[in-house]
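Naming: A, B, ... by sequence-line order, numbering from 1 per chain.
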Amino acid sequence: MELKFPDGAVKEFEDGATVKDVAASISMSLAKKAVCGKLDGKFVDLNQKLSDGSIEIVTKDSDDGRIALWHTAAVVLSAALHDLYPNVKFGEGGVTEHGFYFDTDKEDGQVGEADFEKLTKKMEEIVKAKEKIEFVEYDLDEALKLVENDEYQTEIVKENAADGKVYGHKLLNHVDFTSPVSLEDAGKVKVFKVLSVAGAYWKGASSNPMLQRIYGTAFSKQKELDEELKRQQEAHERDHRVIGNNLDLFFVDPKVGAGLPYWMPNGATIRRTIERYIIDKEVSWGYEHVYTPILANVDLYKQSGHWDHYREDMFPPMDMGDGELLELRPMNCPSHIQIYNRHIRSYRDLPLRIAELGMMHRYEKSGALTGLSRVREMTLNDGHTFVTPDQIEAEFKRTLQLMVEVYHDFNINDYRFRLSYRDPKNTHKYYDDDEMWEKSQRMLKAAMDDLGLEYFEAEGEAAFYGPKLDVQTKTALGGEETLSTIQLDFLLPERFDLKYIGADGEEHRPVMIHRGIVSTMERFTAYLTEMYKGAFPTWLAPKQVEVIPVNLDLHTDYARKLASALAARQIRVSVDDRNEKMGYKIRQAQVNKVPYTLVVGDNEKDQGTVTVRRYGQEKTETMAFDDFKKILNHDLETYSRNED
RNA sequence: GCCACUUUAGCUCAGCAGGUAGAGCAUCACCAUGGUAAGGUGGGGGUCACCGGUUCAAGUCCGGUAAGUGGCUCCA
C-alpha cells in the first residue's frame, strides 16, 4: 500500500500497517506534514491546519480529521498530566480506532480512575484557554536535557532524532516528543472524554515495565461524542456475554473454575445444531469422522513437539503413581496421527481426511479468558488431511472452498484472510527447518494468489509447526479473532515417521493439512451470537416457534395440536399457556428473540389457520397452517442465506 | 501472568459520612384476563465473593485470596 505525502514523497507500508505505524514514520522524516491515503479501509486525513503552519490534502470520504484531532488530544492529555504530576513519566501516545491514549508512569502510585475528574478538569482548562501548541525543533542535547529524568522519553527522543535535531510539541511548559502531529491549538479539542485506564507494557514487551495507558476520545462536536458513546453502548449490548446471560445460553461458575463454561439448554441447542451441521457437511465432503480420547500419555506430546514448544499452554500432566504420566490434550493432531498410523497407507488412500469435534484443554493465562471466546476447555471442529506433496495445493484450495460454502450457510461475510508466517527474528519459537518454512510459506501465498483472494501477511502468527491461513473476524467490542484456520505441516509427519506407499512401491512422507472450519464450538457460538445479536436464524434458534392461545380455556387445545404437529417434525416449539395476558406473552417471545410467534383464537381455530408474527416485525399475517409449515421448511433448507 | 477497577437476592443494580440490607425484573399465591411488547395485590428469597485485621460495632475502612471487566502480553 502506498501513501502519498504532501511534499510529494511516496512511502510504502505493509498492508497490516496501523495508523500508528504511519504516524510514526512521518513523525521525523517528514516533519509534521499531512498524510492521506487508504489505510485499513479507512482514509487517513490530516486535512487541518497543523501546528507548524502547514495545511494539507483533502481526500473524499475522509475521516473528518479525527486522526490529527486525536493526536492533539493526546498532547493535551500529556500536558495536563505533566501539570498535575510534575514528576510523571511518559511512554508512547497514539490513536486507536476510536480515540487516543497516552502511556504514563507516575512513580508515587499509579494513575487510576480516581484521577479522571481532576485530569478532565485540567484538560478542560487547557482547551478552553485555546493554548497554542507549538511545533518546535530542538537540538538533540537540548531535548535530552528536557527529558533527563524520564528514561522512556529519553529513549524516544534518541530514536526520533535525525541529524542532531528532534521535533516536539510544546504546550504550556510541557514538550511532547511522542505525538507525530498536532493541530495548532488545544482549543480544537472541543469535546473530549477520558474513558479508561489500563496497563500496557513499555514497547509492548512483557519483559518491560508496565505503564498506565489512559484512553480517551475527542470530537469537534458534542453530537459526535454522543454517537460514539452510543456506539460503545450498542457494542456492549451485543457482547455475547451479555446476550448469553439474557438468553440463558451459558455460564461460568468460579466454584468450577475459570474458563470452564457450562452450556445451558438454549446454548446447547445452538451448539448441537452447529455440530450436526458441520459433521454432515464434512462427511459429504469426504471427511471421515472419528472419536479419540482427550487424555494421552505425555510421551505422545513429547514426540509431537508440543511438550517442547507448547508446554506453557498445557495443563500439567497427571502422575498416576506408577510412573505413568497422563496429559490432557491441548491439540488433536497427534490423536489423528494415531488413526493414520493404524494402517499402512497407500497413495491411493490420499488425501485421507480425518475429522473430529475434538475436546481439548489449554491452560490459557487467567487474564486472557473471555466468556466463550477464550476458554480453557474447548471443542474444536478439527480436521487433518494427509496428502502427497503434489496434492497440497489442490487440497488447500478445496478446503478453502468448503470454508466459503460453510460461511455462506451461516451468512458470515465480514472477515479477512491473514497469511501467518513465523517471526524471522524469533525463529527459536518454531520448529527449526528454514527450508521447510520458506517452502511452505511460499506455497500458501502462491495458492492464495492463484485463487485471486485478497489477504494480508503477518509475521510471528504461525503455529510452531508451520504457517497458516487464518480467517480474521471482529468481535462485538472490536477485537480481532481467528475463526477458521488452515495450516500446512511438514513437521509432524516427520516426527511421527508417517509414510505412504507410492505408485513406485517405495515409502514416501505425506504432508498434513490442519484445518478448523467452524472454529471451536465455544468461539463460533460466541461469534454467531454477536453477529446475529442473539436473533438466531430459524435453524439455529433455541426455540423456533412460540404458540400463544388467545383464550386459555377455548384455544389451548388447538395451540397444543399445532405444537405437536410441529414437534413431530423436529421443530422446537412450545405453547405459552401461563396465566398471563396475551400482550405479556408476545413481549416475552420477542424479548427471547423467538423467530416465529403464532397467535391462535376463534378465527384460526375455525379455519385451520395461524396468525404469524416474525421476530422483530410488527406486522402479522394470517395463513393456513400448511403454508406456515412451508415457510418453516424454506427457512430450514436455506439456513440463513439471504435468498428469499 | 501484568496494571487499573469491580464483586450486595436467580438477573440488572441502589445502599456515596462504619450502627447487622433495598428496588425493578424473575419466582410463588390469590384476583383479573378475547386479539399482538409489561394487569393488580401480597408472599418467599441475601452467612453483602472468600479469609483475616482495625473498631464497642464492618456490606461500608485495611490486607490477602478467588472470580469478573477493560487493556497489555499470548492464542481457536
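- Side-chain atoms of A:S519 stay outside donor-acceptor range of the base of B:A76, with no qualifying N/O pair under 3.5 Å.
- Residue-level contact check: A:G204 touches the backbone only, with heavy atoms under 4.0 Å from sugar-phosphate atoms and none from bases.
- Residue pairs meeting the ring-ring contact (aromatic ring centres under 6.0 Å, His included) criterion with at least one partner in residues 251-274 of chain A, sequence neighbours excluded, are A:F251-A:Y262.
- What separates CZ of A:F524 from P of B:C75 is a distance of 23 Å, to the nearest Å.
- Counting any heavy atom pair closer than 4.0 Å across all strands shown, A:N245 reaches sugar-phosphate atoms only and no base atom.
- A:A368 comes within 4.0 angstrom of a base, heavy atoms only.
- Across B:U73, B:G70, B:A76, the shortest atom-to-atom separation from the side chain of A:L477 is found for B:G70.
- Under the 3.5 Å distance criterion, with hydrogens and angles disregarded, no donor-acceptor pair is assigned to the side chains of A:E522 and A:S373.
- OP1 or OP2 of B:C11 has not a single side-chain nitrogen or oxygen of A:R241 nearer than 4.0 Å.
- A:L211 comes within contact range of no nucleotide atom at all, as no heavy-atom separation falls under 4.0 Å.
- Among B:C5, B:A76, B:G35, the nucleotide with an atom closest to any side-chain atom of A:M582 is B:G35.
- Comparing A:L598 and A:G371 along RNA chain B, the residue whose closest nucleotide (by nearest heavy atom) sits nearer the 5' end is A:L598.
- At a threshold of 4.0 angstrom between heavy atoms, the contacts of A:S484 with the nucleic acid are absent.
- Comparing the P positions of B:C51 and B:A66 gives an interatomic distance of 15 Å, to the nearest angstrom.
- Minimum atom distance to the side chain of A:S206 is reached by B:U73, of the listed B:U33, B:U73, B:C3.
- At the heavy-atom level, A:Q590 lies under 4.0 Å from base atoms of the strands shown.
- Among B:G34, B:A37, B:U73, the nucleotide with an atom closest to any side-chain atom of A:N551 is B:G34.
- Checking A:R416 against A:Y455 by side-chain atom types alone, no donor-acceptor pair falls below 3.5 Å.
- B:A37 atom P lies 16 Å from atom CD of A:E580, rounded to whole Å.
- When distances are taken from the side chain of A:D239 to each of B:C5, B:C2, B:G70, the shortest belongs to B:G70.
- Across all strands, A:K468 comes closer than 4.0 Å only to sugar-phosphate atoms, never to a base (heavy-atom distances).
- The side chain of A:T620 contributes no N or O atom lying less than 4.0 Å from OP1 or OP2 of B:U36.
- Relative to the ring axis of A:Y287, A:R515 places its NZ or CZ within 45° and under 6.0 Å from the centre.
- Place A:R613 and A:A200 on RNA chain B by their nearest nucleotides, and A:R613 ends up nearer the 5' end.
- If you run side-chain contact (heavy atoms from CB on, under 4.5 Å) between A:T475 and each of A:E530, A:R238, A:H240, A:E480, only A:E530 comes through.
- At a threshold of 4.0 angstrom between heavy atoms, the contacts of A:R374 include nucleobase atoms, whether or not backbone atoms are also involved.
- With B:A38, B:A67, B:A37 as the choices, the nucleotide that has an atom nearest any side-chain atom of A:Y584 turns out to be B:A38.
- For A:K365, the listed nucleotide lying nearest its side chain is B:G1; candidates were B:G34, B:U36, B:G1.
- Picking from B:C75, B:G70, B:U33 the nucleotide with the shortest atom distance to the side chain of A:R362 gives B:C75.
- B:U47: no Watson-Crick or G-U partner with both key distances under 3.5 Å is found in any strand.
- Straight-line distance between the P atoms of B:G43 and B:G22: roughly 13 Å, to the nearest whole Å.
- Across every strand in view, B:U41 sits in a pair with B:A29 that passes the Watson-Crick or G-U test at under 3.5 angstrom.
- Contacts of A:V252 with the nucleic acid, taken as non-hydrogen atoms under 4.0 Å apart, are absent.
- Taking the side chain of A:V591 as heavy atoms from C-beta on, and the options B:A37, B:U33, B:A76, the nearest nucleotide is B:A37.
- Side-chain proximity of A:L369 to the nucleotides B:G71, B:U36, B:G68 is greatest for B:G68.
- The pair A:R418-A:D470 meets the salt-bridge criterion, since a charged nitrogen lies less than 4.0 angstrom from a carboxylate oxygen.
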